[in-house]
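Note that these values count all heavy atoms, side chains included, but never hydrogens, waters or copies made by symmetry. A note on names: the letters A, B, ... follow the listed sequences, proteins ahead of strands, and every chain is numbered from 1.
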Amino acid sequence: MSLLEMRKGTIHFGGLVAVSEATFAIEKGDLFGLIGPNGAGKTTCFNMITGVYRPTSGSVYFKGKQITGTPPNRVAALGIARTFQNIRLFPALSVLENVVVGGFLRHRTGLASALIYLPSAIAETDRLRAEAMDLIRILDLEDVADVRSADLPYGKQRRLEIARAMATQPELLLLDEPAAGMNPQESEDLLRTVRRLRDDFGKTILLIEHDMRFVMNLCEKIFVLDHGEEIAFGPPEKIRNDPGVIQAYLGEAV
Amino acid sequence: MKFVLGRLLSIAAALGLCFAIDVFAHSQNDYTQRLVALAGLYVTLSVSLNLINGITGQFSIGHAAFYQVGAYCGGFLSVRFYDGSPVHGLLWLLVMMAAGAAAAAGAGLVVGLPSLRLRGDYLAIVTMGFGEIIRIIVQNVDAFGGPYGMNVQPKFLHIWLIWLLAVSCIAVCRNLVSSAHGLQFLAVREDEIAAGAMGVNVTRVKVTAFMLGSAFAGAAGALLAHFEGFITPATFAMDVSFIILTMVVLGGSGSITGSVISAAFLSYLPEYLRGLKGPEGGTLAVTGASVAAALFATIIAAGIIRRLLDQARGTPRSRALGVAGIVGATLIGKIVIQWGLLFIPYLRELKIEAGQLRMVIFAVTLIIVMLLRPQGMLAHHELSWAFIGKILGIKAPAKAVTPA
């Protein structure tokens with residue numbers, strides 16, 4: 001049984017077909033890349049999986065259970081977390097607070113006990129903070145834990161998004177262009193971090209990326225979309241030499 | 001048992017504070033008593049609106065409606081059922097507060113539901129419309145006395161209870177934002193989509209904020225009805241909603257202490273201005289030209305100071321000197337403008353008593369604060385010991401975070 005299965009996922013926006021019958025399966029422990037030129041429908045695929053959009057037709061299965069159209073917060077609770085292409089942190093909250101929000105899914109006290117500030121609520125908050133702090137260390141954000149997330153440099157904001165998504169303790173992590181806007185050194189560090197998330201923490205990773213060097217070095221399976229349709233699927237070596245992919249990216253040979 | 005002891009101490013401190021306010025108020029005349037009571041109610045109202053607007057980010061401008069629902073619910077039940085009820089006195093008042101809170105929370109639920117689909121300006125319009133609907137319905141129901149209002153019996157003059165409600169409201173909001181639960185509310189304010197993707201149940205958070213905020217406003221309404229002994233729909237007109245909103249924005253949206261301070265300040269200011277006297281103790285009368293010149297000069301000066309602060313050039317000291325210079329120039333500017341305006345016969349002849357100017361001064365104060373500090377007095381900060389220390393340059397010991 002695959003961890004995540006997209007079966008003929010199709011989505012129309014009015015007359016525009018954003019994604020057409022995308023079908024792929026992600027196994028546990030995969031480093032799965034989703035690539036394609038701009039407007040190919042990659043982020044739309046993410047939105048279909050995470051419940052932001054409901055597919056026009058087709059379905060999404062997670063651990064064998066249908067999750068098509070499940071609202072985003074329930075999808076997160078099931079074990080799928082994501083980051084966003086155009087970073088969406090909680091700008092006025094500190095780095096630590098951002099990560100605690102991700103961990104809130106695992107809190108065990110009710111609202112009432114928080115409102116009257118019972119010891120159980122305080123202890124729970126402290127526990128979530130401590131857990132968040134561990135993740136912050138893993139993603140090397142320790143020195144900025146108390147900084148407002150809006151004040152962070154770009155590369156750290158990207159890392160914070162990953163930390164926040166990790167805080168939900170997902171089985172499947174969706175990363176939407178994690179290396180966008182990073183310099184070579186930063187993207188090299190990120191590459192190692194993402195690989196560590198899989199190797200040391202057992203996360204399955206699905207990522208969208210435009211930086212080809214990044215994708216080819218990291219991913220073991222790559223799915224290529226163009227104009228909403230699958231044009232290639234396979235290991236990096238195969239994708240690199242695929243004439244269809246080259247054509248989609250570079251246009252017709254002259 | 002450190003917790004129980006600490007909690008008992010804080011409750012005792014809160015009660016002590018409320019009774020101190022009560023004793024102080026009752027030693028004053030009726031007018032001051034009423035002022036202290038209304039200030040307490042406004043603190044509750046602005047802190048509870050801050051929960052909806054500032055903390056959860058749902059732009060609601062119809063808070064007086066919940067206040068009204070609570071007042072009429074409590075008032076009506078008292079008129080109908082107080083005679084012959086088994087509970088009397090304070091207990092009855094507490095029951096009325098609970099009833100008012102429950103009714104307002106129900107109304108909060110009704111308004112909270114559209115907020116799931118609406119954002120920003122659109123939600124503001126819905127909440128404003130809701131406020132007017134409630135007021136007009138009440139105005140047309142004979143059982144509530146229609147536009148003439150309703151006498152509420154029995155009357156209670158428990159100012160301590162009014163302030164105890166305010167303190168509880170502050171405590172609840174503060175507890176919320178300092179626990180992990182509150183971070184969900186802040187996350188919804190910051191970015192709904194990201195909050196949803198992190199597993200936050202955005203629907204539940206918004207509705208909870210609306211219900212909790214309106215419940216406090218409703219309890220405040222029930223207290224108002226029994227304190228004044230008389231309520232009319234005009235008590236809850238739209239301008240009350242706007243004053244509450246102004247308190248929240250002026251204090252700094254999202255800051256609980258900011259809401260408290262500006263609620264106290266804004267409920268006191270217009271009353272203080274009512275008693276403006278001339279230098280000899282007589283009624284102060286000024287010419288229209290003088291008033292107009294003062295208005296012009298102040299607002300222009302505030303604008304210039306704003307520009308100066310934005311540029312952030314120079315040392316704090318040189319900037320403070322610059323501001324002082326502008327204030328001086330304003331006084332001269334006022335005299336010059338006034339001299340010019342005296343050529344206009346109407347403004348020369350018009351004599352205005354200072355007391356009549358109170359709402360003008362009130363409005364100008366708001367304009368100046370918003371020009372100089374659009375994020376509100378405290379912005380998103382809280383007036384805590386740590387914050388005071390930060391301003392004074394003392395570093396508070398960092399709270400140790402131990403790994404799990």
Side-chain angles (χ1 to χ4, degrees), chain A residues 50-52 71-78 80-84 87-93 96-98 100-107 109-111 113-119 121-122 124-134 136-137 145-146 148-150 161 164-165 167-168 174, chain B residues 1-4 6-7 10-11 51 54-55 57 168-169 171-205 208-209 211-212 215-216 253-254 375 379-381 386 396 398-404:
Chain A
T50 55
V52 176
N73 62 311
R74 297 260 308 282
V75 172
L78 287 172
I80 303 181
R82 70 174 293 182
T83 67
F84 294 88
I87 303 178
R88 300 192 87 122
L89 290 167
F90 306 125
L93 302 191
L96 181 66
E97 287 167 336
N98 264 277
V100 172
V101 172
F104 189 78
L105 273 174
R106 282 170 286 104
H107 86 288
T109 50
L111 179 67
S113 64
L115 292 182
I116 50 175
Y117 218 49
L118 289 183
I122 304 171
E124 192 70 3
T125 302
D126 287 346
R127 187 179 68 85
L128 290 176
R129 282 170 152 264
E131 281 182 19
M133 210 54 213
D134 290 344
I136 285 174
R137 278 195 200 95
D146 292 323
R148 254 166 57 101
S149 65
E161 265 213 317
R164 190 181 63 176
T168 65
L174 311 186
Chain B
M1 284 297 92
K2 204 173 131 198
F3 167 76
V4 176
R7 189 51 60 92
S10 1
I11 292 174
L51 174 64
I55 294 174
S168 329
C169 184
V172 162
C173 289
R174 177 259 172 204
N175 290 347
L176 181 69
V177 293
S178 46
S179 66
H181 272 276
L183 287 177
Q184 283 192 300
F185 288 66
L186 295 170
V188 168
R189 173 188 78 188
E190 294 293 311
D191 191 325
E192 261 179 49
I193 292 180
M198 291 305 118
V200 174
N201 189 338
V202 176
T203 308
R204 184 147 73 188
V205 165
T208 309
M211 290 181 68
L212 206 56
F216 276 108
S253 221
Q375 66 275 55
H380 55 275
H381 301 291
K399 199 181 168 192
V401 182
T402 43

**Q** Between atom CD1 of A:I116 and atom CZ of B:R7, what is the distance when rounded to the nearest 0.5 Å?
**A** 7.0 Å

**Q** For chain B, which candidate among A:A145, A:G102, A:P91 shows the most heavy-atom pairs at distances under 4.5 Å?
**A** A:P91

**Q** Compare every heavy atom of A:V101 with every heavy atom of B:A187, then report the nearest pair and how far apart it is.
**A** CB-CG1, 3.9 Å

**Q** Once rounded to the nearest 0.5 Å, what's the spacing between atom CG of B:L183 and atom CG of A:L128?
**A** 9.0 Å

**Q** Do B:L176 and A:L111 touch side chain to side chain, with heavy atoms closer than 4.5 Å?
**A** yes

**Q** Going through the checks in order, is the side chain to side chain contact (heavy atoms under 4.5 Å, CB included) test met by A:T168 and B:M198?
**A** CA-CA 7 Å; A:T168 65; B:M198 291 305 118; 4.1 Å; yes

**Q** Would you say the side-chain atoms of A:R82 pair up with the backbone N or O of B:A194, donor to acceptor, closer than 3.5 Å?
**A** no

**Q** Under 4.5 Å heavy-atom distance to chain B, tell me which part of A:L89 shows up: side chain, backbone, both or neither.
**A** backbone

**Q** So which atom in B:F3 and which in A:Y117 form the shortest heavy-atom distance, rounded to 0.1 Å?
**A** CE1-O, 3.6 Å

**Q** So which atom in B:G196 and which in A:A76 form the shortest heavy-atom distance, rounded to 0.1 Å?
**A** O-CB, 4.4 Å

**Q** Side chain, backbone, both or neither: which part of A:A92 has an atom under 4.5 Å from a heavy atom of chain B?
**A** both

**Q** Are any of the side-chain heavy atoms of A:F84 and B:I193 separated by less than 4.5 Å?
**A** yes

**Q** If you count heavy-atom pairs within less than 4.5 Å of chain B, which of A:T109, A:I122, A:I80, A:N98 leads?
**A** A:T109

**Q** Ignoring hydrogens, what is the shortest heavy-atom contact between A:V100 and B:A180? Give both atom names and the distance.
**A** CG1-CB, 4.3 Å

**Q** Considering only heavy atoms, which portion of A:E97 lies under 4.5 Å from any heavy atom of chain B: side chain, backbone, both, or neither?
**A** both

**Q** Could you tell me which of A:A77, A:G51, A:G110 has the largest number of non-hydrogen atom pairs under 4.5 Å with chain B?
**A** A:G110

**Q** Can you tell me if B:H181 uses its side chain to pair, donor with acceptor, with the backbone of A:T125 under 3.5 Å?
**A** no

**Q** Quick check for you: to the nearest 0.5 Å, what is the distance between B:N175 atom CG and A:L115 atom CG?
**A** 7.5 Å

**Q** Examine whether an atom of A:R106 lies under 4.5 Å from a heavy atom of chain B, and if so say whether it belongs to the side chain, the backbone or both; otherwise answer neither.
**A** neither

**Q** Could you tell me which portion of A:T83 (side chain, backbone, both or neither) has an atom closer than 4.5 angstrom to a non-hydrogen atom of chain B?
**A** neither

**Q** For a quick test of reading the model, state the closest non-hydrogen atom pair linking A:P72 to B:A197 and the distance between them.
**A** CB-N, 4.4 Å

**Q** Report the residues that fulfil side-chain hydrogen bond (donor to acceptor under 3.5 Å, both in side chains) with B:T208, sequence neighbours left out, ordered by chain and then residue number.
**A** none

**Q** Tell me the salt bridge (charged side-chain N to carboxylate O under 4.0 Å, His left out) pairs involving residues 175-191 of chain B, sequence neighbours left out?
**A** A:R88-B:D191

